[in-house]
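Within every chain, numbering begins at 1; the chains are lettered A, B, ... in the order of the sequence lines, protein sequences first and strands thereafter. These numbers were taken from a predicted model, which means no experiment stands behind them. As a basis for the values below, the full set of heavy atoms in this structure was taken, side chains included, without hydrogen atoms, waters or symmetry mates.
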Amino acid sequence: MIRHALQAAQAAGDLPPFDLPETIPVTRSAKPELGDYASPVAMQLAKAARRKPLEIAQAIAAHVDTSADFVQSFEAAPPGFLNIRLSDAWLRAQIDAMIAAGDDVFALEIGRGQKAQVECVSANPTGPITVGRTRGGVIGSTMANLLAALGYTVEMEYYFNNAGRQMQLLGLSLQARYRQALGQPVDLPEGGYQGDYLVDIARELVEQHGDALKDESWEYFKGQAEAAMFRRIRASLDRINIHFDVFFNENSTYEDGSVWKVLEGLEERGYVYRAVNREGAPPEEIAKTPPDAKDAVWFRSTKLGDDEDRVLVKSNGEPTYALPDIAYHIHKLERGFTYLINVLGTDHIIEAQTVARGLQVLGYDPEPVHVLLHQFVTLVEGGETRRMSTRRGEYVTLDELVEDVGADVVRYFILGRSPNSHLEFDLDLARQQANENPVYYIQNAHVRCAGIFRQAEERGLTDEGADLSLLGERELAFVRKLLEMPEVMVQAYEDLGPHRLAFYALDLARMFHPMYDAVRVLHSDVPEDVAKARLRLYGAARVVFRRLLKLMGMSALEIM
RNA sequence: GCCCCUGUAGCUCAGCGGAUAGAGCAGCCGCCUUCUAAGCGGUUGGCCGGGGGUUCGAUUCCCUCCAGGGGCGCCA
C-alpha cells in the first residue's frame, strides 16, 4: 500500500525520483491512540529524497489508497511517521471470524504441505527426567504445537543411545540393587547410579521373578533397566503434555552402516586424518597424552572455521557422538522434513556445530536444521539454589516438581523465560496459588469467560443476533490485542522464541481482567442487546485464550 | 585459555533500530448487593552497568571495560 503511494507520489511529481527500499517497514504502533500500525519509511527515505521526513510522509498519505475496508485512517505525523488505523467495522467482523474458527483460530498457512520435526529431551535412559531436561521438552513441545498451528505436519522425536559405558554402569547398578533386594551384601559398582529409582525397579523384579534372576548378566539387567526407565520417562513427560511420536535409537545408525558411510564420505573429501594428537595441539596437551597412546581419527573441522579439530573415532576404535549424530541428521533430512528443530542445552553447542559442518562437507544443506539452544535451570527455594547431578542421585525429578506445583505451572514457568536466559525456577512463587502467580492469572481469564457463558445459559441469554456496533472503545481495544496473536506466533516461529507466547498470554490477561470488571454482561443495568454483543466478545476471548493455553501445552479450565 | 548468557524501577522480568522505556510483585490510598476478590482502581518509584562508535534516530547494532551466571572430554 505504502509502496504504491510512493510510486504515485513520484509519478505526480510530489516526490523526487529515488529507488524504493526493498521492504517497507510497518510495525505495531507503540501508542494505541496514534494508530494500530506505524511505518517509519519516510524517515529512512529522507536522505535519498532530500526532503524532510514529515513532508515525505504527508506526500505518501496524500496518495495512499484508503479504499480498503480494513483501513479507517492513514495519516502522517511528526517527526515523520505514517499512522494507520484499522476500521471499527473490520475489527467487529474479526470477532465473528475468531469464533467461527474455534479451536483452529489463527491457524496459518506458512508450513502448509511441509513436514517438520522437533527433536528434544533425548536423555539417555539412565535415570528419571530431571528439571533440566524438562526445559528442552517444554520448549520443544511448544514449538511443535506452534509449527502445527502454522500448517506443518509435525513429528516429535526423542534420540537416545542405549550402548556405551554409562548404560553398562546402569546395568551393573541394577544388578547390584537386585542382589541387595535379595538380601545379599553387595556394593554398588564404582561410580554407579545411586538414585532410589533403581532400588524400586529391583524390588519390582524381585516381586515378579523372585531370585530367579540372580545369575543373570549385567546385559540382562541393562535391558530391564532401560525398559523400566523408558516407561517412567514417558509417563513423566505425558503428565506435562510432552508426547513423542518416534524414539530413535542411535544404534540403528550402526545397524544400517550409515555411521561408517559418514566416515567414508568425510574421508573421501579430505576432512579426515589419523593421529595421536590433533593438528596444532599445544605442547601441554601433547604432554598429557600417554606415551603408548594409539591413533584416533580426527575431523579436520578447522578447515570450516572451527577452532580445533574434533575426534570422530576414539583410539579404542569406537566412534564419538559426532559420527552417529551426523548420520542421524542425514537420516532426518532424507525422511523429507523441510523444517527441523533441535532443542539442546548450551553444553551441546559444539556438538551442533560439528554436525552442521559434517553435513556441509557431505553436500547436505544444513539450512533446514534449526538449533534451539537453551541455558540451564536452577531451582530456587527459600532464596537458595539447589544444585543437581544425576549420577550422584542429587536432583529434583520432573515428577516431584509436578506433584509439588502442578503441570501447568511447570510448563508456564519454563516458557516464561527466553530460552537463552538462565532460568531460576522459583519454587516458592510457583507454589503460590495467588495473584503473584501468573499461571493462575492467565487461566482465570479463560475460567471467567467460561463462567459468563455458564451464567448466561442459566439466565437464558445467548449472543444470537448480537449487534456488535454496541461495543465500546475499550472492547475494540481488546479485539486489537486479540488480533496480535498471529503476529506473535510468527515471531515466535521466526526467532525460535516460544516464550513470546507466554508473555503475550500474560499481556492479554492483564488487559482482560480490568475489562471483565468494567464491561459486564449479566448486570441489571446492561440492556439485553448490549449484553448479547458483549457475550459474543467474550466468546472470542474464550476462543483465543483456549488456543493460547493449548499451544503452550496447558489446560484451559472451565472452573477453578 | 576459548565460548555462551545476563546486567532496565526496591524485587522478578518484558521490550532488542523508531515517537514521552513497560508490566507484575513489594510500598502507600481505596473497592466485595448482581458473570467466583485466584479480581479491580489509584499512586510512589528509571544516568535501560560504564565508556566509545555506527545511524536521521540506540535500552536495542558494533567495539571495549566492569560485574554476575554457565559451559567447554578420545562422556552423550
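Comparing B:C28 with B:U44, their C1' atoms are spaced 7 Å from each other, to the whole Å. With C1' as the reference atom, B:U8 and B:G45 are 14 Å apart, rounded to whole Å. A gap of 23 Å separates the C1' atoms of B:C66 and B:C13, to the nearest Å.
Surrounding NZ of A:Lys314 are more than 12 heavy atoms belonging to other residues, nucleotides or ligands, all under 6.0 Å away.
Shown here, B:C48 forms no base pair; nothing in the strands shown gives a Watson-Crick or G-U wobble contact with both key distances under 3.5 Å. Base pairing of B:G39: its partner is B:C31, meeting the Watson-Crick or G-U wobble criterion (both donor-acceptor distances under 3.5 Å). As the counterpart of B:G18, B:C56 is assigned, both hydrogen-bonding distances of the Watson-Crick or G-U wobble pattern falling under 3.5 Å. Summarising the base pairing, B:G7 is matched to B:C66 through a Watson-Crick or G-U wobble pair whose two defining distances lie under 3.5 Å. With a cut-off of 3.5 Å on both pairing distances, the Watson-Crick or G-U wobble partner of B:C72 is B:G1.
When heavy atoms are screened at a 4.0 angstrom cut-off, A:Arg165 is found touching no nucleic acid atom at all. Across all strands shown, A:Arg520 has heavy atoms under 4.0 Å from base atoms, whether or not it also approaches the sugar-phosphate. Heavy atoms of A:Arg278 sit nowhere under 4.0 angstrom from any nucleic acid atom. When heavy atoms are screened at a 4.0 angstrom cut-off, A:Phe503 is found touching the sugar-phosphate backbone but no base atom. A:Tyr516 comes within contact range of at least one nucleobase, with a heavy-atom separation under 4.0 Å. Nucleic acid contact for A:Val26: none, since no nucleic acid atom lies under 4.0 Å from a heavy atom of the residue. Among the atoms of the strands shown, only primed sugar atoms or phosphate atoms (P, OP1, OP2) are found under 4.0 Å from some heavy atom of A:His513. Across all strands, A:Asp495 comes closer than 4.0 Å to no nucleic acid atom at all (heavy-atom distances). Among the protein residues, A:Pro40 comes within range of the nucleic acid bases, having at least one heavy atom under 4.0 Å from a base atom. Contact annotation for A:Ala38: base contact, defined as any heavy-atom pair under 4.0 Å involving a base atom. Here A:Val41 lies out of heavy-atom contact (under 4.0 Å) with every strand.
The CZ-P distance, from A:Phe512 to B:A37, rounds to 11 Å in whole Å. Spacing between atom CG of A:Leu522 and atom C1' of B:U36 amounts to 13 Å, rounded to whole angstrom units. Following rounding to the nearest Å, A:Ile559 (CD1) and B:U36 (P) show an atom-to-atom distance of 10 Å.
No N or O donor and acceptor, one from the side chain of A:Asp347 and one from the base of B:A76, sit under 3.5 Å apart. At a cut-off of 3.5 angstrom, the base of B:U6 holds no donor-acceptor pair with the side chain of A:His422. Interface remark: the A:Ser315 side chain does form a donor-acceptor pair with the B:C74 base, using a distance-only criterion of under 3.5 Å.
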Taking only nitrogen or oxygen atoms into account, show me every contact under 3.5 Å that the protein makes with nucleotides 56-62 of chain B, one pair per line with its distance.
| unit_1 | atom_1 | unit_2 | atom_2 | d |
| --- | --- | --- | --- | --- |
| B:C56 | OP1 | A:Lys47 | NZ | 2.5 |

Find every protein N or O atom lying less than 3.5 Å from an N or O atom of nucleotides 8-12 of chain B, and list the pairs.
none

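The nearest heavy atom of RNA chain B to A:Asp525 and to A:His499 marks one nucleotide each, and the one closer to the 5' end goes with A:His499.
Out of B:C35, B:A76, B:C5, the shortest distance to the side chain of A:Asn420 is found at B:C5.
Judged by the 6.0 Å distance and 45° axis criteria, A:Arg232 is not positioned over the aromatic ring of A:Tyr197.
Side chains of A:Tyr328 and A:Glu157: a donor on one and an acceptor on the other come within 3.5 Å.
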Problem set entry | A:Arg500 and A:Glu487: CA distance, side-chain angles, deciding distance, salt bridge (Lys or Arg N to Asp or Glu O under 4.0 Å) verdict | CA-CA 10 Å; A:Arg500 289 180 182 279; A:Glu487 293 163 33; over 6 Å; no
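Stacking is found between A:Tyr440 and the pyrimidine-like six-membered ring of the B:A38 base under the 5.5 Å centre-distance and 30° plane-angle cut-offs. Between A:Tyr441 and B:A38, no base-stacking contact is recorded for ring centres under 5.5 Å apart and planes less than 30° from parallel.
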